[in-house]
Amino acid sequence: MSNTGALNIAAAGADAAAHDLAGPRGARPKRALSGRNIMIYGTLAVVSLYYLLPLYVMMVTSLKGMPEIRMGNIFAPPMEITFEPWVKAWATACTGLNCEGLSRGFWNSVRITVPSVFLSIAIASINGYALANWRFKGANLFFTILIVGAFIPYQVMLYPLVIILREMGLYGSLTGLVLVHSVFGMPILTLLFRNYFTSVPEELFKAARVDGAGFWGIYFKIMLPMSLPIFVVAMIIQITGIWNDFLFGVVYTKPDLYPMTVQLNNIVNSVQGVKEYNVNMAATIITGLVPLIVYFASGKLFVRGIAAGAVKG
Amino acid sequence: MAATRRPPTLFRNLNAKIAAIPMILTALVVFVGGTAWTVVYSFTNSRLLPREKFVGLDQYERLWSSNKWLISIENLFIYGICSLVLSLIIGFVLAALLDQKIRFENTFRTILLYPFALSFIVTGLVWQWILNPQFGIQAVVRSLGFESFSFDPLYNPDIVIYGILIAGLWQSTGLIMCLMLAGLRGIDEDIWKAARIDGIPMWKTYLFIVIPMMRPVFITTLVIIASGIVRVYDLVVAQTSGGPGISSEVPAKYVYDAMFLSQNLGQGFAGSTMMLLAVIIVIVPWAYLEFGGRKRHV
Amino acid sequence: MSSVLINDLSLSFGEVSVLQNLDLEIGKGEFLVLLGSSGCGKSTLLNCIAGLLDITDGQIFINGRNVTWEQPKDRGIGMVFQSYALYPQMTVEGNLAFGLKNAGLPKDEIAKRIARAAEILHIEPLLKRKPAQLSGGQRQRVAIGRALVRDVDVFLFDEPLSNLDAKLRAELRVEIKRLHQQLENTTMIYVTHDQIEAMTLADRIAIMRGGAIQQLADPATIYNKPVNKYVAGFIGSPSINFVEGEVHPNGVPYFKAGGFEVPLERYEFAGNGPEGGKASFGIRPEHVFMGRAAEGLPYQAETTVEVIEPMGADTLVWSRLHGHELRFRVDGQTSLLKGEVVPIGFDPARASIFDANTEARL
Amino acid sequence: MSSVLINDLSLSFGEVSVLQNLDLEIGKGEFLVLLGSSGCGKSTLLNCIAGLLDITDGQIFINGRNVTWEQPKDRGIGMVFQSYALYPQMTVEGNLAFGLKNAGLPKDEIAKRIARAAEILHIEPLLKRKPAQLSGGQRQRVAIGRALVRDVDVFLFDEPLSNLDAKLRAELRVEIKRLHQQLENTTMIYVTHDQIEAMTLADRIAIMRGGAIQQLADPATIYNKPVNKYVAGFIGSPSINFVEGEVHPNGVPYFKAGGFEVPLERYEFAGNGPEGGKASFGIRPEHVFMGRAAEGLPYQAETTVEVIEPMGADTLVWSRLHGHELRFRVDGQTSLLKGEVVPIGFDPARASIFDANTEARL
Amino acid sequence: ADVEVTHWWTSGGEAAAVAEFAKAFEEKTDHKWVDGAIAGSGGTARPIMISRITGGDPMGATQFNHGRQAEELVEAGLMRDLTEIAEKEGWKDVVKPSSLLDSCTLDGKIYCVPVNIHSQQWLWLSHKAFADAGVDVPTNWEEFVAAAPALEEAGKIPLAMGQQPWQTTLAFQVLLTALAGPDAYTRIFGDKDAEFAGGEELAKVFEAAAKAREMSAKSNIQEWNQATSMVINGEAGGQIMGDWAQGEFQVAGQTAGEDYTCLPGLGVNEVIQTGGDAFYFPVVDDEEVAAAQLELASVMMSPDTQVAFNLKKGSLPVRGDVDLEAANDCMRKGLDILAKGNIIQAPDQLMSADSLTQVNDLFVEFFNSPDMSAEDAQKRFADLIANAD
Ligand SMILES: Nc1ncnc2c1ncn2[C@@H]1O[C@H](COP(=O)(O)OP(=O)(O)OP(=O)(O)O)[C@@H](O)[C@H]1O
Ligand SMILES: Nc1ncnc2c1ncn2[C@@H]1O[C@H](COP(=O)(O)OP(=O)(O)OP(=O)(O)O)[C@@H](O)[C@H]1O
Ligand SMILES: [Mg+2]
Ligand SMILES: [Mg+2]
């Protein structure tokens, strides 16, 4: 006998053989149609339907001609697919005298969104970092004010901001608008970043201090590279918010800077005359495309980032 | 043993303080300053332009005698409660469903989340259309032979606010679901195992054990939902413009209309101030407990 | 009748096979410890027994009943987790009662069981507190209580003491031992990677590695007659000394590694007597004696002290013998100097020799 | 000149005072271990020395320089953390170089230092990997390396080995010991709550409790002559036996607790000789001998075996002597039965007696 | 110079009309028209314009409903004084009715250019609906009310009404002017005669409004053009709406008198309201733009631009000295009334936006809450008028 362990196991096996080994064996049988599965997938399917319905309606309508739309059923698939509404929405729909469709505002939207997202995230992440790792006296007070600020309706701040920007000489400029977006993005983003940085082990921060890294050194070299998920969350929230913004874009800039949503609003909100629903829907989808793409591209990171930034704290 | 001097407190963490300047400025100038300005001018009879003609509480008297304002408050109340309760419930239930190690989790999650990427203008427009009795759901169901079927929430003053809710929930529950899902994933696996061994049914485990453990998630979620509720404006404008009649007015819209349609800034400011007051009464004690009480290092 | 019988159990997570064709029989009232390094599948096995993981193949019997497909709550088991897994918003009493209430037990029966568990575990004063108000040790006691009130025959412990500090760990270890003695006929399966825990608690220890059981035996056998090199190296702290060399089986068998030559006539070879070839010679530090105590032992030599580690009661000496590192344990009072040359000796009967290729005991 | 001098240090977090008027002097090249139970302020003290916490009052000198208000990086210290705290996005090399780059060292100097540290710690093959690709032990080695490259005189370790398993812990312990021997004149301050670590590593141990140092002495003194009951109970595993009774100082002094009577003529009383009154009598399990070994010892008695805990090399026996619980250690090979009555004995000179009120050593 | 012009004319016809301005401006001068259209009607556009002006970054010119909307901006000195050019070009003489220019005038100075006249007081009737119900097409409000039961019996909605606030308010104002007469209208909106507003004479207007509410109870629609299309295809008997509804009938290929009938002043009091749009010119720093502003004002007022613009817009020109040959049947009715001088001022010209909004709100509420009695509404109306300015 060279292996007593083997002996023991073999003995157990032999004993086992002596037992009545009748009865179930292997994995617990799983019926694909168990009540539980029907409940789960059924619910999810119904809910998905509710969520997809509007997208479906938008899609279908945007591919129909106006006569077909007037005939009624909004849920019916198009009998004759036409891409004209898309072309019109993008290239020829008129806003006042400018008949370039959404394309006119597209680059403006990009010009607004990119720096705004960048600046607002930069500021908020530094705020969050300072709040989480370098608490100084009074920091909590300012943070509390910010959080309360998250509840102030935008409309209320419209007027004071006009005055502030006017006094700063930034009214009507891109810089002014970028600042406005940063200000309004600050509360929620700061909250997210603060929570995220709080969850980074404190020892890492201490190690970096011993290694002689200062405030900025730790931020750029240690914290930033570790924070991809939360940056993705912040980016998605900001891109969505800023891209879709209409009010600030239009109040704080001038026509040569108007974002795409102004054209969308113009196309959708023309009060008089017949509504071209197909063009409206096409315009709607086109406008939503950028945030949607950002979304689909980074969905997984989003959940991870949310888990890290929103849940703790 | 020459003792070096203690550096003055102002310069400790100097970089952190410098870095926080944008936040401090925003907090003080924009939020506090803007708010104070608003409050001050709510005591004037400013019309189109702010004027320092103080009229005491006149604006407030008018505000509270305005039917439109009262209805706005009522609507916000209904919308707020329903939206809060329903988003939490639906968001949580969906998260719980997605947490069951199901197939296609990513697909479902994407479907639930995508409306969050769309603007309120879009949301309002689409739902206005789907709920339109002439082409929307009502028409379709009727054309299937159910002639008496009636579903026109946006056109019935009694239930219009619920019609708005349908779209509001559509837009926001995805995010709530995501938050909840993240929270659920953060629960210690062992808790689930312990509950299963104790023979506690799934729903009870959620209700009595898991939900109470998710307090931080619920708080973040609450902040997000609540701040959205107070601000609700675009959705109403896009769907009903406050109609039929004034039955779907909300405070933010009242304020906006007062300021820019009626050109009565004073009245708008008075409305804003009331909204702020309500927010502050609810939020400040909570925010202080949540963020002010605890201290960490440095 | 065996209390827990595992027959040909396999489990894989997708591609990764974690347990393979595992058989295990545990007697009634036995205290079995599953010992192994991190990731070897201990928790997985325990979860299979509890019904918390769906197995891929095989059968599980508890008290003679085939429970392979049963729900955890119906298996007649209680489980205690490393992280305690107490329900944070309920009082201790609530934690203990929750499962019972769900099972629909009458109030007075619940009260009785809680009272008994509280008494056994000395947690009566804590009943009204919430878990957050308890220390680690108290929490773990409550977690044990939660298993206790279930009034089951099989207890499963998954590293219940790992989150506690050394002192508490020692205390609770004894309490668990007492509990086992007190609850007759209660089978306990206990996962740990702390050998002291395993040695002191177990009736039998199963050493696991990579999803398979390496050796299943009582602690003394595991310690003195490890079946292979892995077990020998895993068990024992400070760990066993290994010297690589070869066994010369002819005549009086001996082990040779350079200048290090040990006669093996007193060594009990497994199987059909000595076989030649490359082998590892293992001798535990506590079986090597120094100075006067070494006199009269079959193997004697002189060795040079390199590092001295005082550990309170004992001192561990790292020395070099014919170029091989040799650790041995001396009394804590002994004074030694680095570089000193000291006489040592041991009895080869207490050694373990393993084949260099198969790593099995020779 | 002392390497680290702490003078009248106090620290409070708001209302909570964590350290009070603490004085401590550590010599050049000394290995000081801070030992104490969780929450006693060990990490806090270490953080104060490192400059990571702003102290409330007092002074800190390192190498004779007052560093009380200096930045951590300027204090000439290196620090190693329990959680390793490696920068996850940098390679091992990057981790080691980070501090040096911050200090603005020339490239070749950095390379030289890294090479040296890598050699000392045997991590050359790992330099290009990221922390996530390392095992726990390797990570901790890199963390030590990060302190090493800073080329400082004072190393601070905050429970560096707590996250490792027993085996690795033992290995790295020896490595740290070797490192200390290798780096002459390097002072190490090491926080742990593992006594074996403390005993094996320390030149001197500071036992902390509630923010104050209870005893500061070499390991043998701490072990054999604890200054108070807390230290005695804290040090030693299995822990010391205590019997509550009183000391009768007149004539031949003796200790009495019911039927348990020990003559104390061989006991070295502290201060001016024996005083009477209530006291605790402490005797370590490893100083109680059984059977033949007990013969000839000044105190002898018979005791009933209650629980037997085999721990491999040794076995711990829980017995009852005149109604008092008495644990003692016997060889792992000894076979005993529950309920057996065995002769034991010990030398009262090895006992420790403490005043029942002040808990100070008598 | 580039002159940025903001306005909220974004629908097809409106945009075409604006294009006439732009074309004329660019043809006749060296300046460039930079279009700053914002859709969503005044509610969306006005705050933006006001913010721009108060924010210190004004546009070159901007649309407002003329009247009192811009009063404060003028008082604050933010608007350009146009008196000089107005006198030079003799606007006072050509603008008909002169009230249009009056509402551009503050302290004797002119600050805006009125560009068109819109009238609201029209009842549009569907011939098909009445044929189906077997009754004659009514010729006034009384007959229309009398025909309602028959329409209902035939499954028609007697009165189609979109539920946006401005539509209900419009309906009431039309009822007020038509049933109580232009003087009553002026006493209320102009003189803010609260006693009168609460009096006997107005009670019957409120009764009529209640009747209208009843008749429109089943029209579940939002947009005004949806209501119009119900009239067009005979689902509804009629609609009270401004002259812009005519465009819808034309698009549907219907002919006035054959397929539909238009009754100005509800067929009772044939008056029309001379509301409309006007352009203001904020004070700017840039000299060149300042010069261009005057030229733009002059272009807008010039006869040929007026004709071109108003034909596209479907409204009436502000100049009495131009000829509209292309006008259709209903438009001619309007021109006739205008020529007779049966005009009233628009509420915007008489009352502050603030008070008007309150009035709007009241009627919106009234039309949407069937339980609100006519008396209650009248009482609240009177209160509003008492506090109005
Ligand atoms: N859900 C899972 N999916 C995939 N692999 C898993 C899963 N759970 C565990 N494993 C793998 O199975 C192996 C055994 O895990 P198990 O938790 O049983 O180890 P363990 O022996 O309990 O270790 P420890 O001492 O660290 O608790 C590990 O290699 C682990 O990576
Ligand atoms: N930032 C803080 N604010 C308030 N109290 C603190 C803070 N950090 C530590 N403490 C308290 O100070 C005491 C000492 O903490 P410290 O971390 O030094 O303990 P420790 O001895 O290192 O314990 P452990 O062995 O668990 O690491 C504890 O009671 C702890 O609760
Ligand atoms: Mg495990
Ligand atoms: Mg610590």
Side-chain angles (χ1 to χ4, degrees), chain A residues 40 43-44 47-48 51-54 57-58 72-75 123 126-127 130 134-136 139-140 142-157 160 164 183 186 190 214-216 240 244 246 261 264-265 268 280 284 288 291-292 295-296 299 303 306-307 310-313, chain B residues 13 15-17 19-20 22-24 26-27 30-32 34 37-38 94 97 100 102 108 110-112 114-115 117-119 121-122 125-127 129-130 135-136 140 178-179 181-183 185-186 216-217 220 227 230-231 233 252 255-256 272 275-276 279-280 283-284 287-288 291-292 296 298:
Chain A
I40 290 176
T43 314
L44 284 176
V47 172
S48 299
Y51 278 87
L52 284 176
L53 188 71
V57 169
M58 282 194 272
N73 196 333
I74 56 169
F75 300 107
I123 292 180
I126 292 168
N127 284 345
W134 299 84
R135 298 211 151 186
F136 50 90
N140 277 322
F142 297 120
F143 184 60
T144 308
I145 295 175
L146 275 196
I147 294 298
V148 174
F151 288 83
I152 302 175
Y154 293 142
Q155 290 80 16
V156 174
M157 301 306 296
I164 291 169
V183 162
M186 208 181 285
T190 302
F215 184 87
W216 297 110
T240 309
N244 286 332
F246 163 74
T261 36
L264 175 69
N265 173 67
V268 167
N280 286 354
T284 304
L292 278 177
Y295 246 77
F296 293 140
V303 178
I306 289 262
V311 175
K312 311 227 169 79
Chain B
N13 285 334
N15 272 320
K17 286 171 186 166
M23 174 177 78
I24 294 171
T26 302
V30 182
F31 290 129
V32 174
W37 190 88
T38 301
L94 289 178
L97 288 178
Q100 303 303 312
I102 55 158
F108 281 122
T110 309
I111 290 175
L112 299 184
Y114 87 91
L118 301 175
S119 69
I121 299 184
V122 174
L125 182 78
V126 178
W127 278 101
W129 218 32
I130 292 176
F135 336 90
V140 171
C178 236
L179 288 165
L181 188 60
R185 296 270 150 93
V217 189
T220 310
S227 63
V230 175
R231 289 173 168 178
Y233 168 80
V255 167
Y256 187 84
S272 315
M275 288 174 73
L276 275 173
V279 166
I280 285 171
I283 300 298
V284 165
Y288 186 77
F291 304 107
R296 256 172 52 131
V298 183

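Naming convention: chains lettered A, B, ... in sequence-line order (proteins, then strands); numbering from 1 in each chain. We use all heavy atoms of the structure for the numbers below, so side chains are in, but hydrogens, waters and symmetry mates are not.
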Query raised in the report: After noting the C-alpha distance and the side-chain angles of B:Q100 and A:L44, does the key distance pass the side chain to side chain contact (heavy atoms under 4.5 Å, CB included) rule?
Result: CA-CA 12 Å; B:Q100 303 303 312; A:L44 284 176; over 6 Å; no
**Report entry** side chain to side chain contact (heavy atoms under 4.5 Å, CB included) between B:Y114 and A:L52, intermediate numbers included
**Finding:** CA-CA 9 Å; B:Y114 87 91; A:L52 284 176; 4.1 Å; yes
Query - Evaluation steps, side chain to side chain contact (heavy atoms under 4.5 Å, CB included), between A:I145 and B:T26 - result: CA-CA 9 Å; A:I145 295 175; B:T26 302; over 6 Å; no
**Report entry** side chain to side chain contact (heavy atoms under 4.5 Å, CB included) between B:F31 and A:V148, worked out
**Finding:** CA-CA 9 Å; B:F31 290 129; A:V148 174; over 6 Å; no
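Residue A:N244 comes nearest to B:L118 through the heavy atom pair ND2-C, 3.4 Å, listed as atom of the first residue, atom of the second, then distance. Here the closest heavy-atom approach between residue A:M186 and residue B:M23 is recorded as SD-CA, 3.8 Å. Nearest heavy-atom pair across B:V126 and A:P54 is CG1-CB, 3.4 Å. Heavy-atom minimum distance, A:N127 versus B:A20: OD1-CA, 4.2 Å.
Residue contact with chain A, scored on non-hydrogen atoms closer than 4.5 Å, involves the backbone and the side chain of B:V30 alike. Only the side chain of B:L276 comes within contact range of chain A, with heavy atoms under 4.5 Å apart. Both the backbone and the side chain of B:V230 come within less than 4.5 Å of a heavy atom in chain A. In this structure, the portions of B:W129 lying under 4.5 Å from any heavy atom of chain A include both its backbone and its side chain. For a residue to count as touching a neighbouring chain, one of its non-hydrogen atoms must lie under 4.5 Å from one of that chain's; by this rule A:I40 touches chain B with backbone and side chain alike. Interface residue A:I126: only side-chain heavy atoms are found under 4.5 Å from chain B.
Rounding to the nearest 0.5 Å places CH2 of A:W134 at 12.0 Å from NZ of B:K17.
No other option in A:G288, A:G149, A:A130 has as many heavy-atom pairs under 4.5 Å with chain B as A:G149. Comparing B:A16, B:P22, B:S272, B:C178 by heavy-atom pairs within less than 4.5 Å of chain A, the highest count is held by B:A16. The choice from A:T190, A:V57, A:I123 that makes the most heavy-atom pairs within less than 4.5 Å of chain B is A:V57. Ranked by heavy-atom pairs under 4.5 Å with chain A, the first of B:T38, B:V32, B:I102, B:L181 is B:I102.
Residues forming a side-chain hydrogen bond (donor to acceptor under 3.5 Å, both in side chains) with A:Y51 (at least two apart in sequence, or on another chain): B:T173.
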